[in-house]
Amino acid sequence: MERLPGGRRPRLVSSLGLGRRSWEVTLDEERGRLAWRDPRPPRRAGENCFVPISEIISVEETELNKKQRNIGKWQKMTKLHAFTVYYVKKARNHRWRCSDVTFWCVDEHLCNQWIQALKELLEMQKSRPKQLLVYINPYGGKRQGKRIYEQKVAPLFSLASISTDVVITEHANHAKDNLFEVNIYKYDGVVCVGGDGMFSEVMHGLIGRIQKDSGIDQNNPKASLVQCNIRIGIIPAGSTDCICYSTVGISDPVTSALHIIVGDCQPLDVSSVHHNNMFLKYSVSLLGYGFYGDILKDSEKKRWMGPMRYDYSGFKTFLSHHYYEGTIAYQPAKHTLGSPRDKDSCRTGCYICKKSEQQLAEQHKDCGLKHEEGEEEWKVIKGKFLAINAVNMSCACPRSPKGLSPAAHLADGSADLILVRKCSRFDFLRYLVRHTNQDDQFDFPFVDVYRVKSFQFTSKLSEDNESNVMDIGKKRFGQFCRDHPACCCNIVNSTWNCDGETLDSSAIEVRVHCQLMKLFARGIEENCKDEAAYSQNSAEQLL
Ligand SMILES: CCCCCCCCCCCCC/C=C/[C@@H](O)[C@H](CO)NC(=O)CCCCCCCCCCCCCCC
Ligand SMILES: Nc1ncnc2c1ncn2[C@@H]1O[C@H](COP(=O)(O)OP(=O)(O)OP(=O)(O)O)[C@@H](O)[C@H]1O
Ligand SMILES: [Ca+2]
């Protein structure tokens, strides 16, 4: 299509067959959509349908089959030419499906003109990936990764003309190590088929590789890390799939594949975790000490149980009711407009994330002139905690649809630090139940929440060890409190759960890096059924 005078984008309007009827079909570049309507008056509701061009998957010339050829008088008179448009159809609960519509006409030239125009527009969608590197963990979740990819995802990638290099992992860290060896720069993205652990591997491989290639030392906790612009796509096939659920709104392989195909982009905050100037791990979802750390540690021995291991270990850990003593120091996230007690959540195109990014960029510019980040105020809290949870995102997942911090933002450069102090088993259960319902999880006297940009934790045990006060009683009585053998106070440390992986140190230093990486996702869309989806559904009812 050629440009119109005045720089206006052109429209292609034709009368094309759809089913047994003739429709007015418009390719409107100005409004970025393909629309079709029944031109016969009086108009019945739902007869205007459109698909945003950004949500068209592909277009193909089509041979009308026998069933489709039953389109009235035309079939007897002449040869028909047809093309099929494959597009994203939005269903309930953020689920996406691939739908299609076939238009026909008698004029071969007109049919080709339409195919050509649509293909040109798809070619102009520059954010769409053409070449992807795919890692499949065949043992994640219910061990369905390979089947899910082959049956549900690969056919969609091939429909969208995406070429792939597929690696089926043979051992843990295979994907991570591989990302340090391959030419990552020839790919438009990396896809991981598996759970949060698999995502974590790919993220470590990509971020680590970029820092290495840029000469950044990951062991320096104050280093300004280089942003990773190679997007990661997650095809959920794990046990929790929290990162996928929190960034797409559903854990569904087809939906995720379609977000990859249309080239969505969602920036994501990443926390770096250090111990004594030594890099340990990155985290994007939950960094949990106490309850979630203990569940993870126990559940690792029960991997053979599959996703059920978390319920088993969760129940056991709940009954053990251990709490841990320690000190937390944190720097409040003053740059962001939001608060963890907000009623509104992070949604597609989030204003708070955009504003926070700008604020941080300005602060960094001024940094040299004013004060270093490290000099900003630190707040210190000492106490006995059942759980310390730091989340970079809501951590919503099928078990907890609102997540551990429903108002946390995906890309605001902050994490929500949730401190659950020692309380009764009954109160802790009330808190856990609120992970699963609409009630306010922070509305308890024993729960505090802060929005932070960095924090440090030291357990009482390591503080004591550091000050060289060796309590022989602790050794003799093993893991139980010497003074109160039945009090659930645990003298050994808990373990940090870092996105589903255990950390070896309990004393850690954490810093949030605003939008360090990007996903093939768009955040969670507002729940209203939008116009496009409505029209598409009604179009299908008419056919
Ligand atoms: C009474 C019902 C309470 C139900 C509470 C359900 C809470 C579910 C919260 C899930 C939060 C997930 C946060 C994401 C963490 C991921 O980075 C990580 C890697 O995949 N997953 C886990 O660590 C895996 C963590 C899995 C945690 C499962 C916890 C299950 C707890 C069960 C407690 C039972 C108490 C029953 C008392 C009668
Ligand atoms: N071929 C393999 N054999 C054994 N382990 C693997 C293999 N490939 C990857 N892994 C490891 O398996 C771990 C768990 O995988 P994954 O995250 O896919 O599933 P999951 O643990 O069931 O799900 P979730 O992390 O959502 O709870 C990852 O940390 C990854 O390092
Ligand atoms: Ca965040």
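Atoms within each ligand, like the ligands themselves, are counted from 1 in listed order.
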For [atom], closest protein heavy-atom neighbour:
{"atom": "atom 6 (C) of ligand 1", "value": "T436 CG2, 4.2 Å"}
{"atom": "atom 17 (O) of ligand 1", "value": "S285 OG, 3.0 Å"}
{"atom": "atom 3 (N) of ligand 2", "value": "Y139 CD1, 3.3 Å"}
{"atom": "atom 31 (C) of ligand 1", "value": "G314 CA, 4.0 Å"}
{"atom": "atom 28 (C) of ligand 2", "value": "G197 C, 3.7 Å"}
{"atom": "atom 10 (C) of ligand 1", "value": "C397 SG, 3.8 Å"}
{"atom": "atom 12 (O) of ligand 2", "value": "N137 ND2, 3.4 Å"}
{"atom": "atom 18 (O) of ligand 2", "value": "G195 N, 2.7 Å"}
{"atom": "atom 29 (O) of ligand 2", "value": "E501 OE2, 2.9 Å"}
{"atom": "atom 8 (C) of ligand 1", "value": "R399 CB, 3.9 Å"}
{"atom": "atom 29 (C) of ligand 1", "value": "I295 CD1, 3.9 Å"}
{"atom": "atom 1 (N) of ligand 2", "value": "T169 O, 3.0 Å"}
{"atom": "atom 21 (N) of ligand 1", "value": "T240 OG1, 3.4 Å"}
{"atom": "atom 20 (P) of ligand 2", "value": "S239 OG, 3.6 Å"}
{"atom": "atom 16 (C) of ligand 1", "value": "D196 OD2, 3.8 Å"}
{"atom": "atom 5 (N) of ligand 2", "value": "A172 N, 3.7 Å"}

Given 3.5 Å as the limit, does a donor-acceptor pair link the side chain of [X] with the main chain of [Y], or not?
{"X": "S394", "Y": "P406", "value": "no"}
{"X": "Q359", "Y": "E357", "value": "no"}
{"X": "H435", "Y": "Q441", "value": "no"}
{"X": "K402", "Y": "N437", "value": "yes"}

| query | Taking heavy atoms and a distance under 4.0 Å, where does F199 meet ligand 2: side chain, backbone, both or neither? | reply |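 Under 4.0 Å from ligand 2, F199 contributes no heavy atoms.
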Determine, for [X] against [Y], whether the closest basic-nitrogen to carboxylate-oxygen distance falls under 4.0 angstrom.
{"X": "K382", "Y": "E325", "result": "no"}
{"X": "D311", "Y": "R399", "result": "yes"}
{"X": "R128", "Y": "D264", "result": "no"}
{"X": "D440", "Y": "R434", "result": "no"}

When the aromatic ring centroids of [X] and [Y] are compared, is their separation below 6.0 Å?
{"X": "W378", "Y": "F455", "value": "no"}
{"X": "F428", "Y": "F291", "value": "yes"}
{"X": "H275", "Y": "F279", "value": "no"}
{"X": "Y289", "Y": "Y292", "value": "no"}

Nearest option to [atom], as decided by whichever heavy atom of [options] sits closest:
{"atom": "atom 19 (C) of ligand 1", "options": "G500, P398, S200", "value": "G500"}
{"atom": "atom 28 (C) of ligand 1", "options": "F315, Y431, F291, Y310", "value": "Y310"}
{"atom": "atom 23 (O) of ligand 1", "options": "N497, V391, D311", "value": "N497"}
{"atom": "atom 14 (C) of ligand 2", "options": "R303, R309, E300, H171", "value": "R303"}

| task | Mind listing the closest non-hydrogen atom pair of C514 and D269 along with its distance? | result |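 Where C514 meets D269 most closely, the heavy atoms are CA-OD1, 3.4 Å.
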Which atoms from ligand 1 have a heavy atom of [X] less than 4.0 Å away?
{"X": "H435", "result": "7 (C)"}
{"X": "C242", "result": "14 (C)"}
{"X": "Y292", "result": "7 (C), 9 (C), 27 (C)"}
{"X": "L429", "result": "1 (C), 37 (C)"}
{"X": "D499", "result": "17 (O), 19 (C)"}

Proximal atoms of ligand 2 relative to [X] (non-hydrogen, under 4.0 Å):
{"X": "G194", "result": "18 (O)"}
{"X": "D241", "result": "26 (O)"}
{"X": "Y310", "result": "27 (O)"}

What do you reckon, does [X] put a non-hydrogen atom under 4.0 Å from ligand 2?
{"X": "H204", "result": "no"}
{"X": "E201", "result": "yes"}
{"X": "K176", "result": "no"}
{"X": "G141", "result": "yes"}

| task | Take the angle between the ring planes of H259 and W96 and call it parallel below 30°, perpendicular above 60°, tilted in between. | result |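 H259 vs W96 ring planes: parallel.
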| request: Heavy-atom distances under 4.0 Å are what count here, so tell me which part of D241 touches ligand 1: side chain, backbone, both or neither. | output: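 D241 to ligand 1: no contact under 4.0 Å from either part.
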| Any N or O of M198 closer than 3.5 Å to N or O of ligand 2 |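 Yes; at least one N/O pair falls below 3.5 Å.
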| query | Which of these passes side-chain contact (heavy atoms from CB on, under 4.5 Å) with Y187: T164, L132, D165? | reply |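 Filter result, single survivor: D165.
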Taking atom types as modelled, is there a side-chain donor on [X] or [Y] under 3.5 Å from an acceptor on the other?
{"X": "S200", "Y": "D499", "answer": "no"}
{"X": "S506", "Y": "N493", "answer": "yes"}
{"X": "Q266", "Y": "T247", "answer": "no"}
{"X": "H513", "Y": "S272", "answer": "yes"}
{"X": "N392", "Y": "S271", "answer": "yes"}
{"X": "R309", "Y": "S239", "answer": "yes"}
{"X": "Y324", "Y": "D294", "answer": "yes"}

| query | Quick one: how many protein N/O/S atoms are under 3.0 Å away from the Ca ion (ligand 3)? | reply |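 Number of qualifying protein atoms: 5.
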| field | Passing option when D252 is tested against R97, H94, K152 for side-chain hydrogen bond (donor to acceptor under 3.5 Å, both in side chains) | value |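 Among R97, H94, K152, the one that satisfies the side-chain hydrogen bond (donor to acceptor under 3.5 Å, both in side chains) with D252 is R97.
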